[in-house]
S.K.: 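Pasting a structure below so you can have a look.
As the structure is a prediction and not an experimental result, all values here were calculated from the model.
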Amino acid sequence: MKSTEVTADETLGTLLELAQHMTSRGAFVVTQASSDSPPDLLRLSVTTNLRQEFLNSDIQNVHTFANRTLIEYMSSRSLPDGHLMWTRVSEVNLLSELATEEESSRVIPSYGETAIASHNLKMTVTANAIDIPGDKTEIVTCYRITRNTARLAKAKWVAAIFRSGGFDKLDDEVILFNQSVDAIAFQGYVFFTAKGVFERAFGFVEDLKRHATQVFDSLIGILRIEGMDDFRRAATSDINMMAKMASIWRKVESNPEYAEAVSMQNLLKFIDVNEHVEVETVGRGRKRSLVFKPSPKTRYKILKLLDDDFLTSGLTDMDYLVDSKGAPLRKG
């Protein structure tokens with residue numbers, strides 16, 4: 001049966017097609033009082049002129065994003081020039097917390113004097129409405145990562161303004177907003193241009209670790225694995241292993257039968273007839289277990305097995321190890 005899920009490429013194509021019809025819905029800033037406090041989404045009061053400037057910039061950035069080659073986010077994958085990475089919004093906890101689609105159902109305070117004095121700016125968020133033909137209104141959210149130097153009051157500069165024929169000390173709050181956008185979220189996907197910046201700004205590594213712990217305990221922890229404690233520590237701290245576990249969980253979510261397929265019985269059967277998997281086992285019969293070895297060369301073996309990272313060529317009947325695949329196709 002053919003999957004009806006809209007792909008990242010299709011989503012970006014839809015956004016490009018309808019970008020010119022976007023209308024500005026609002027501007028916000030993400031602030032943080034300290035590194036230990038959670039970020040706050042605050043409404044940014046802007047004039048009609050500035051709102052239009054943001055909208056024009058957002059439309060231009062959609063076109064810039066669409067001219068790049070899409071690749072899916074993986075922690076171990078670099079982002080080459082001319083490419084654009086994507087992942088699902090649901091996999092980035094901070095994006096869900098900041099979702100401007102929910103602004104009408106919650107109270108969002110304004111960015112006022114209190115926040116200006118005590119909070120650091122983290123990013124500027126602009127939300128735009130876009131009508132999907134025959135469907136509903138969707139929100140296009142653009143994120144601009146901000147440095148503290150964007151606030152002139154925080155910068156190590158003397159800010160002056162030319163008034164009445166001379167320069168005077170500037171006491172007003174002045175913020176420099178980026179023309180370029182670092183990330184765009186639309187219809188469940190987020191697209192971004194700088195992998196490292198995205199990971200740091202959105203706490204992606206922390207989210208990945210939290211999710212990896214849940215995946216391990218619910219799916220892997222119930223298997224028989226010698227060295228389970230070492231496996232858990234590695235799988236919830238090594239960023240590449242955590243990303244691999246995210247891939248496993250996507251397969252489980254898209255196909256409930258997947259979790260049943262990676263049972264101990266099926267795993268052992270597969271290992272016995274596919275030596276290239278190279279996952280060691282110990283014991284006999286019903287007490288037989290997989291063996292986790294923490295060395296760099298072997299620590300991914302079990303995860304590759306669970307991620308179904310093997311295929312056989314229909315042309316040559318040769319076995320291959322694949323770096324990544326999409327969701328498995330259902331039978332029928």
S.K.: Answer yes or no: is there a side-chain heavy-atom contact under 4.5 Å between Glu280 and Ile271?
M.R.: no
S.K.: Quick check on the hydrophobic clustering: are Leu44 and Leu50 connected, directly or via other members, by side-chain heavy-atom contacts under 4.5 Å?
M.R.: yes
S.K.: Would Val291 and Met228 show up in the same hydrophobic cluster when neighbours are defined by side-chain heavy atoms closer than 4.5 Å?
M.R.: no
S.K.: Under a 4.5 Å cut-off applied to non-hydrogen side-chain atoms, are Phe202 and Val190 in contact?
M.R.: no
S.K.: Determine whether Glu138 and Leu18 make a side-chain contact, defined as any pair of heavy atoms from C-beta on separated by less than 4.5 Å.
M.R.: no
S.K.: Hey, what do you get for NZ (Lys251) to CD1 (Ile248), rounding to the nearest 0.5 Å?
M.R.: 7.5 Å
S.K.: Considering only heavy atoms from C-beta outward, does the side chain of Ile59 approach that of Met22 to under 4.5 Å?
M.R.: yes
S.K.: Indicate yes or no for a side-chain donor-acceptor contact from Asn274 to the backbone of Phe270 under 3.5 Å, with no hydrogens or angles considered.
M.R.: yes
S.K.: At their closest point, which heavy atom of Val252 faces which heavy atom of Ala259, and how far apart are they?
M.R.: CG1-CB, 4.1 Å
S.K.: Any heavy-atom pair between the side chains of Met245 and Gln214 that's under 4.5 Å?
M.R.: no
S.K.: Can you list the steps and then say if Asn56 with Gln60 is a side chain to side chain donor-acceptor pair (under 3.5 Å)?
M.R.: CA-CA 6 Å; Asn56 293 340; Gln60 181 58 48; over 6 Å; no
S.K.: Could you list the donor-acceptor pairs under 3.5 angstrom formed between side-chain atoms of residues 180-189 and any protein atom two or more places apart in sequence or on another chain?
M.R.:
{"residue": "Asp182", "atom": "OD2", "partner": "Ile145", "partner atom": "N", "Å": "2.7"}
{"residue": "Tyr189", "atom": "OH", "partner": "Val6", "partner atom": "O", "Å": "2.6"}

S.K.: Would you call the rings of His211 and Trp249 parallel, tilted or perpendicular, taking 30° and 60° as the class edges?
M.R.: perpendicular
S.K.: Would you mind writing out the side-chain donor-acceptor pairs for residues 7-16 within the sub-3.5 Å range, not counting sequence neighbours?
M.R.:
{"residue": "Thr7", "atom": "OG1", "partner": "Glu10", "partner atom": "N", "Å": "3.1"}
{"residue": "Thr7", "atom": "OG1", "partner": "Glu10", "partner atom": "OE1", "Å": "3.4"}
{"residue": "Glu10", "atom": "OE1", "partner": "Thr7", "partner atom": "N", "Å": "3.0"}
{"residue": "Thr11", "atom": "OG1", "partner": "Thr7", "partner atom": "O", "Å": "2.9"}
{"residue": "Thr14", "atom": "OG1", "partner": "Glu10", "partner atom": "O", "Å": "3.0"}

S.K.: Going by the salt bridge (Lys or Arg N to Asp or Glu O under 4.0 Å) test, which pairs reach into residues 39-67, not counting sequence neighbours?
M.R.: Arg43-Glu103, Asp58-Arg144
S.K.: How far apart are the closest heavy atoms of Ala33 and Ser37, and which atoms are they?
M.R.: N-OG, 3.4 Å
S.K.: List the residues meeting side-chain contact (heavy atoms from CB on, under 4.5 Å) with Ala246, not counting sequence neighbours, and say none if there are none.
M.R.: Leu208, Arg250
S.K.: Test question: given the 4.5 Å side-chain rule for I, L, V, M, F, W and Y, name all other residues clustered with Val273, or answer none.
M.R.: none
S.K.: Ignoring hydrogens and angles, tell me if any N or O in the side chain of Thr31 forms a donor-acceptor pair with the backbone of His119 under 3.5 Å.
M.R.: no
S.K.: In this structure, would Ile222 and Met264 fall into the same cluster of hydrophobic residues linked by side-chain contacts under 4.5 Å?
M.R.: no
S.K.: Please find the pair of heavy atoms, one from Leu94 and one from Ala201, that lie closest to each other, and give the distance.
M.R.: CD2-O, 3.6 Å
S.K.: Given Leu268 and Arg224, is the side-chain contact (heavy atoms from CB on, under 4.5 Å) satisfied, shown in steps?
M.R.: CA-CA 11 Å; Leu268 292 171; Arg224 292 192 305 275; 4.1 Å; yes
S.K.: Can Leu98 be reached from Ile139 by stepping across I, L, V, M, F, W or Y side chains whose heavy atoms are under 4.5 Å apart?
M.R.: no
S.K.: Quick one, Met242 and Ile239 - any side-chain contact, counting heavy atoms below 4.5 Å?
M.R.: yes
S.K.: I'd like to check the side-chain contact (heavy atoms from CB on, under 4.5 Å) partners of His83; sequence neighbours left out, ordered by chain and number.
M.R.: Thr69, Ile71, Leu79, Pro80
S.K.: What is the minimum heavy-atom distance between Arg163 and Lys169, and which atoms define it?
M.R.: NH1-O, 4.4 Å
S.K.: First locate atom NZ of Lys301, then atom CZ of Phe292, and finally report the distance between them rounded to the nearest 0.5 Å.
M.R.: 12.5 Å
S.K.: Nearest 0.5 Å, please: how far is CZ in Phe28 from OG1 in Thr126?
M.R.: 9.5 Å
S.K.: Does any N or O in the side chain of Asp238 come within less than 3.5 Å of the main-chain N or O of Met241, such that one atom is a donor and the other an acceptor?
M.R.: yes
S.K.: What residue among Ile220, Thr213, Ile225 forms side-chain contact (heavy atoms from CB on, under 4.5 Å) with Arg232?
M.R.: Thr213
S.K.: Distance check, rounded to the nearest 0.5 Å: Lys293 atom NZ versus Glu278 atom CD?
M.R.: 11.0 Å
S.K.: Between Asn266 and Val262, is the side-chain contact (heavy atoms from CB on, under 4.5 Å) condition met? List the steps.
M.R.: CA-CA 6 Å; Asn266 287 347; Val262 292; over 6 Å; no
S.K.: Determine, step by step, whether Leu306 and Leu267 satisfy the side-chain contact (heavy atoms from CB on, under 4.5 Å) criterion, reporting the C-alpha distance in whole Å, the side-chain angles of both residues, the deciding distance to 0.1 Å, and the verdict.
M.R.: CA-CA 8 Å; Leu306 294 173; Leu267 291 172; 3.8 Å; yes
S.K.: Taking all non-hydrogen atoms of both residues into account, name the closest pair between Val46 and Ala27 and its distance.
M.R.: CG1-CB, 4.3 Å
S.K.: How far apart are the C-alpha atoms of Ser24 and Asn128, what are their side-chain angles, what is the distance that settles it, and do they pass the side-chain contact (heavy atoms from CB on, under 4.5 Å) test?
M.R.: CA-CA 4 Å; Ser24 177; Asn128 305 294; 4.1 Å; yes
S.K.: Taking the side chain as everything from C-beta on, heavy atoms only, tell me whether Lys122 gets closer than 4.5 Å to Tyr143.
M.R.: no
S.K.: When rounded to the nearest 0.5 angstrom, what distance separates SG in Cys142 from CG in Asn178?
M.R.: 12.5 Å
S.K.: Calculate, to the nearest 0.5 Å, the distance between atoms CZ and OG1 belonging to Phe216 and Thr236 respectively.
M.R.: 7.5 Å
S.K.: Ion pair present between Asp230 and Arg233, side-chain N to carboxylate O less than 4.0 angstrom?
M.R.: yes
S.K.: Within the side chain of Ser57, is there an N or O that forms a donor-acceptor pair under 3.5 Å with the backbone of Gln179?
M.R.: yes
S.K.: Minimum heavy-atom separation for Ala212 and Ala235, please, with both atom names.
M.R.: CB-O, 3.8 Å
S.K.: When hydrophobic residues are tied together by side-chain contacts of less than 4.5 Å, even through go-betweens, does Val197 share a cluster with Val125?
M.R.: yes
S.K.: Got Leu70 and Phe191 here, is their nearest side-chain heavy-atom distance under 4.5 Å?
M.R.: yes
